[in-house]
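Below is one structure, written out as structure tokens; the observations come after it.
All of these numbers come straight from a predicted model, not from anything done at the bench.
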Amino acid sequence: MYETTASEERLYWLTVEFQSLESELDELIDLHQQGNLKLSDAWTLINTARVLKAASSELLHCLVKENIEKGNGNGN
């Protein structure tokens, strides 16, 4: 049985969230093109992007940590 690493779990979550963000962007573009875009619509998207930025940084940190633990990050 294959165990997932913490970074693999984070990557899966980020992938799902980025797909959701892409859908939200498409909706905002449609609202803008129709002239129905409200500032509150954009704030939701901005907040989602902030969360994803933090999660991406966390994933990077996790990947570096895992590589060091495996001995790949110290020149071995």
Distance (rounded to the nearest 0.5 Å) between Asn67 CG and Glu69 CD: 9.5 Å
Joint hydrophobic cluster, Tyr12 plus Leu52, side-chain heavy atoms closer than 4.5 Å: no
List the atom pairs, donor and acceptor, that lie under 3.5 Å between side-chain atoms in residues 20-29 and the rest of the protein, sequence neighbours left out.
unit_1, atom_1, unit_2, atom_2, d
Ser23, OG, Gln19, O, 3.4

Considering all heavy atoms, the nearest Ala6-Glu66 contact: N-OE2, 3.3 Å
Single-linkage hydrophobic cluster Leu39~Ile46, side-chain heavy atoms < 4.5 angstrom: yes
Ser7 to Leu59 - nearest heavy-atom pair and separation: O-CD1, 3.2 Å
Same cluster (ILVMFWY, side-chain, under 4.5 Å), Leu11 and Val51: yes
Heavy-atom side-chain contact between Phe18 and Thr48 under 4.5 Å: no
Those residues that, when tested against Glu8, pass side-chain hydrogen bond (donor to acceptor under 3.5 Å, both in side chains) (two or more places apart): Tyr2, Thr5
For the student: nearest non-hydrogen atoms of Ala55 and Leu14, plus distance: CB-CD2, 3.6 Å
